[in-house]
K.L.:
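This is the structure I have questions about; it appears just below.
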Amino acid sequence: MFSDKDRVENMDSRIKKCGIPDKTAGMHDCRKPPMVILSGPTAVGKTKLSIALARAADGEIISADSCQVYRCMDIGSAKITSGEMEGIPHHMINILDPWEEFSAALFKEKCLQCLSGIYEREHIPIVVGGTGFYVQALLRDIDFGSGDEADHSETPASQDIPGKNGAYRAWLEELAKQEGAARLHSMLGDIDPVSARSIHQNNQKRVIRALEFFHLTGEPISRHNEREREKEPAYNACYFVLNDQRERIYEKIGMRVDEMLRQGLVAEVERLREMGCHRGMVSMQGLGYKEILAYLEGELSLEEAVETIKRDTRHFAKRQLTWFRREKEVIWLNKDEFEYDEDRILKFMLEEMRTRGILETS
RNA sequence: AGGGGAAUAGUACAAUGGUAGUGCGGCGGUCUCCAAAACCGUUGAUGGGAGUUCGAUCCUCUCUUCCCCUG
């Protein structure tokens with residue numbers, strides 16, 4: 001597999017090109033591998049900008065998107081087409097079948113493999129996508145506490161996600177169903193009172209993960225998280241967040257969903273259903289998919305499904321923005337401040353990258 | 001024009017002669033292995049005027065607006 005040590009060694013050639021002394025320290029450390037991140041709420045226009053950026057900076061794109069990793073989910077995930085890629089290499093797109101499970105931990109693992117290749121080619125990795133958690137997992141090199149040294153690289157079944165104990169999880173889920181959320185929450189209180197205080201008892205997913213973590217490692221997840229939270233970014237990164245006025249984003253979401261329908265979202269989901277996809281799958285929890293599945297099963301009218309997609313996508317965009325506000329090192333790109341001029345945005349981004357020694361000053 | 005009905009938060013609907021509720025939306029937040037997921041918090045209304053009453057969103061009158069029926 002791929003250790004951190006390997007990655008750092010692969011960096012050497014790249015690092016030599018970073019001539020700028022480290023004045024600012026910490027975040028802009030040129031000894032760290034370079035990385036550009038372009039994120040932002042859904043439908044702001046990340047994809048389009050990313051191509052121009054990759055061109056200008058001689059980069060390769062890594063998609064940080066929890067739906068675009070899946071094959072056969074093109075329209076609903078607003079996946080870039082091969083034509084739109086304009087020859088720029090894209091990673092982390094179409095790497096899984098829809099019935100496979102995916103997670104932030106897996107994302108990070110797979111990204112590390114992509115990164116080594118990109119650095120070998122002396123290209124700049126440009127992480128593009130709206131899944132803030134994935135970006136964070138990569139940027140901070142979060143350890144998800146797999147705990148075991150077993151060689152899982154050969155395991156064919158993706159169910160065997162390291163650090164995830166399926167049987168124990170299932171048992172907890174069953175227990176919650178039988179005895180209620182409060183029961184699990186009080187179990188958590190016994191082993192990890194700190195987590196119990198910060199996780200609401202209704203948030204069963206997280207209560208279960210905290211219990212599972214303790215079960216697997218013998219350590220309270222709160223202590224683990226505290227340690228992880230202190231980590232500095234593992235890369236010399238420019239973390240851009242493209243943003244626009246809220247009403248504009250909402251308006252674009254509505255138009256984009258209508259466009260997806262015109263392009264055949266219903267047919268796409270029908271095809272997935274014929275392949276055996278159902279709502280229990282991680283992939284089918286994606287916006288646009290779960291609602292159209294509900295329509296196909298007669299639970300919603302098409303009109304209701306469409307309105308629900310639009311509404312939930314607006315909610316999603318709002319949550320994304322909440323996430324980015326919390327990330328300290330974000331460089332905001334408010335489109336209105338650039339008068340909606342993409343060239344100006346691009347110029348600004350390149351300048352920021354030079355300041356941090358990610359691009360050579362020219 | 002005549003007759004009838006209705007006006008409560010952005011919206012849909014409750015309720016009571018004495019602190020006006022709920023869903024949806026809007027806004028804010030949490031997040032370290034399902035994150036396009038899951039969860040939490042918060043905002044905001046009785047159409048205008050007059051009367052009865054200790055007190056009116058509720059009862060009465062009037063104005064305004066909307067809906068239905070007749071012509």
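Residue numbers start from 1 in every chain, and the chains themselves are labelled A, B, ... in the order their sequence lines are given, proteins ahead of strands. The structure displayed is predicted, hence computed values, not measured ones.
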K.L.:
Which is more 5' along RNA chain B, the nucleotide nearest R229(A) or the one nearest L287(A)? Just name the residue.
P.N.:
R229(A)

K.L.:
Once you round to the nearest 0.5 Å, how far does CD1 of I331(A) lie from CZ of F324(A)?
P.N.:
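Answer for the CD1-CZ pair, I331(A) versus F324(A), is 13.5 Å.
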
K.L.:
When all nucleic acid strands are considered with a 4.0 Å heavy-atom cut-off, which category describes Y70(A): base, sugar-phosphate, or nothing?
P.N.:
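Result for Y70(A) = nothing.
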
K.L.:
Verify the contact: side-chain N or O of R206(A) to OP1 or OP2 of A38(B), cut-off strictly under 4.0 Å; return yes or no.
P.N.:
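The answer is no; no side-chain N or O of R206(A) sits under 4.0 Å from OP1 or OP2.
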
K.L.:
Identify, between R140(A) and Y250(A), the residue whose nearest nucleotide on RNA chain B lies closer to the 5' end.
P.N.:
Y250(A)

K.L.:
Rounded to the nearest Å, what distance is computed from the CG atom of residue L265(A) to the P atom of nucleotide A36(B)?
P.N.:
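Those two atoms, CG and P, are 17 Å apart.
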
K.L.:
Pairing check on G23(B): which nucleotide meets the Watson-Crick or G-U wobble criteria with it, both distances under 3.5 Å?
P.N.:
U11(B)

K.L.:
For the side chain to side chain contact (heavy atoms under 4.5 Å, CB included) test, which of P33(A), P125(A), P34(A) pairs with Y235(A)?
P.N.:
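That would be P33(A); it is the only one of P33(A), P125(A), P34(A) passing the side chain to side chain contact (heavy atoms under 4.5 Å, CB included) with Y235(A).
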
K.L.:
What integer distance in Å separates F107(A):CZ from A36(B):P?
P.N.:
11 Å

K.L.:
Between C27(B), A37(B), C34(B), which one does the side chain of K318(A) approach most closely?
P.N.:
C27(B)

K.L.:
Determine the interatomic distance between C1' on G10(B) and the same-named atom on U19(B); round to the nearest Å.
P.N.:
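That atom pair is separated by 25 Å.
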
K.L.:
Suppose you measure atom C1' in A14(B) against the same atom in U62(B); what distance do you get, rounded to whole Å?
P.N.:
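One C1' to the other, the span is 28 Å.
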
K.L.:
Using the C1' atom in both, what is the distance from G17(B) to C68(B), to the nearest Å?
P.N.:
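My reading of the C1' atoms in G17(B) and C68(B) gives 31 Å.
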
K.L.:
Return the pairing partner of U30(B) with a 3.5 Å limit on both distances, Watson-Crick or G-U wobble; otherwise return none.
P.N.:
A38(B)

K.L.:
When all nucleic acid strands are considered with a 4.0 Å heavy-atom cut-off, which category describes R314(A): base, sugar-phosphate, or nothing?
P.N.:
sugar-phosphate

K.L.:
Check the distance between U32(B)'s P and I208(A)'s CD1 and give it to me in whole angstrom.
P.N.:
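Atom CD1 in I208(A) sits about 14 Å away from atom P in U32(B).
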
K.L.:
Would L265(A) and L287(A) show up in the same hydrophobic cluster when neighbours are defined by side-chain heavy atoms closer than 4.5 Å?
P.N.:
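Result: no, two separate clusters.
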
K.L.:
Within the distance-only criterion (no hydrogens, no angle test), does the side chain of E291(A) pair as donor or acceptor with the backbone N or O of I309(A) below 3.5 angstrom?
P.N.:
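Here the side-chain-to-backbone pair does not exist.
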
K.L.:
Determine the interatomic distance between C1' on A45(B) and the same-named atom on U8(B); round to the nearest Å.
P.N.:
6 Å

K.L.:
For G28(B), does OP1 or OP2 lie under 4.0 Å from any side-chain N or O of T322(A)?
P.N.:
no

K.L.:
Provide the distance between the two P atoms, one in G5(B) and one in C40(B), to the nearest whole Å.
P.N.:
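Pairwise P distance, G5(B) against C40(B), rounds to 45 Å.
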
K.L.:
When you measure from the side chain of N225(A), which nucleotide among C24(B), U32(B), A36(B) comes out closest?
P.N.:
U32(B)

K.L.:
Base, sugar-phosphate alone, or nothing: which one does T313(A) contact when heavy atoms must sit under 4.0 Å apart?
P.N.:
nothing

K.L.:
Have a look at Y134(A) and say if it touches a base, only the backbone sugar-phosphate, or nothing, with a 4.0 Å heavy-atom cut-off.
P.N.:
sugar-phosphate

K.L.:
Between G44(B) and C33(B), how far apart are the C1' atoms? Round to whole Å, please.
P.N.:
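It works out to 39 Å between them.
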
K.L.:
Checking base pairs now: Watson-Crick or wobble, both atom distances under 3.5 Å. What partners G18(B)?
P.N.:
C54(B)

K.L.:
Would you classify R246(A) as touching base, sugar-phosphate or nothing, given that sugar-phosphate means primed atoms plus P, OP1 and OP2, and contacts are heavy atoms under 4.0 Å?
P.N.:
sugar-phosphate

K.L.:
With a 4.0 Å cut-off on N to O distance, would you call E329(A) and R140(A) a salt bridge?
P.N.:
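The answer is yes: the pair qualifies as a salt bridge.
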
K.L.:
Within the structure shown, what part of the strands sits under 4.0 Å from G288(A) by heavy-atom distance: base, sugar-phosphate, or nothing?
P.N.:
nothing

K.L.:
Mind checking who C66(B) pairs with, Watson-Crick or G-U wobble, both distances under 3.5 Å?
P.N.:
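When the pairing criteria are applied, G5(B) turns out to be the nucleotide that pairs with C66(B).
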
K.L.:
Verify the contact: side-chain N or O of R319(A) to OP1 or OP2 of A38(B), cut-off strictly under 4.0 Å; return yes or no.
P.N.:
no

K.L.:
Taking the P atom of each, how far is U57(B) from A20(B), in whole Å?
P.N.:
11 Å

K.L.:
Any carboxylate oxygen within less than 4.0 angstrom of a Lys/Arg side-chain nitrogen, looking at R262(A) and E259(A)?
P.N.:
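Looking at E259(A) together with R262(A), the answer is yes, because their closest N to O distance falls below 4.0 Å.
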
K.L.:
Check whether any side-chain N or O of R169(A) sits under 4.0 Å from OP1 or OP2 of C34(B), and answer yes or no.
P.N.:
yes

K.L.:
Ignoring backbone atoms, establish whether R209(A) has a side-chain N or O less than 4.0 Å from OP1 or OP2 of U32(B).
P.N.:
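No, outside the criterion.
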
K.L.:
Would you please test Y70(A) and Y289(A) for ring-ring contact (aromatic ring centres under 6.0 Å, His included) and show each step?
P.N.:
CA-CA 12 Å; Y70(A) 289 108; Y289(A) 293 94; 9.2 Å; no

K.L.:
Counting the atoms with a prime plus P, OP1 and OP2 as sugar-phosphate, which does I221(A) contact under 4.0 Å by heavy atoms, base, sugar-phosphate, or nothing?
P.N.:
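Contact class for I221(A): sugar-phosphate only.
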
K.L.:
Just call it for E173(A): base, sugar-phosphate, or nothing, with non-hydrogen atoms closer than 4.0 Å on any strand.
P.N.:
base

K.L.:
Side chain of H315(A) only, heavy atoms from C-beta on: which candidate in A38(B), U32(B), G25(B) is closest?
P.N.:
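The answer is G25(B), which lies nearest to the side chain.
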
K.L.:
Pick base, sugar-phosphate or nothing for D65(A), based on heavy-atom distances below 4.0 Å to the nucleic acid.
P.N.:
base

K.L.:
Which nucleotide in the set G25(B), C39(B), C33(B) lies at the smallest distance from any side-chain heavy atom of F133(A)?
P.N.:
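Closest nucleotide among those given: C33(B).
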
K.L.:
Return yes if some donor-acceptor pair links the side-chain N/O of E212(A) with the main-chain N/O of Y168(A) below 3.5 Å, else return no.
P.N.:
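Absent.
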
K.L.:
Please determine, for the side chain of T131(A), which listed nucleotide (A38(B), A36(B), G28(B)) has the closest atom?
P.N.:
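Nearest to the side-chain atoms of T131(A), counting from C-beta on, is A36(B).
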
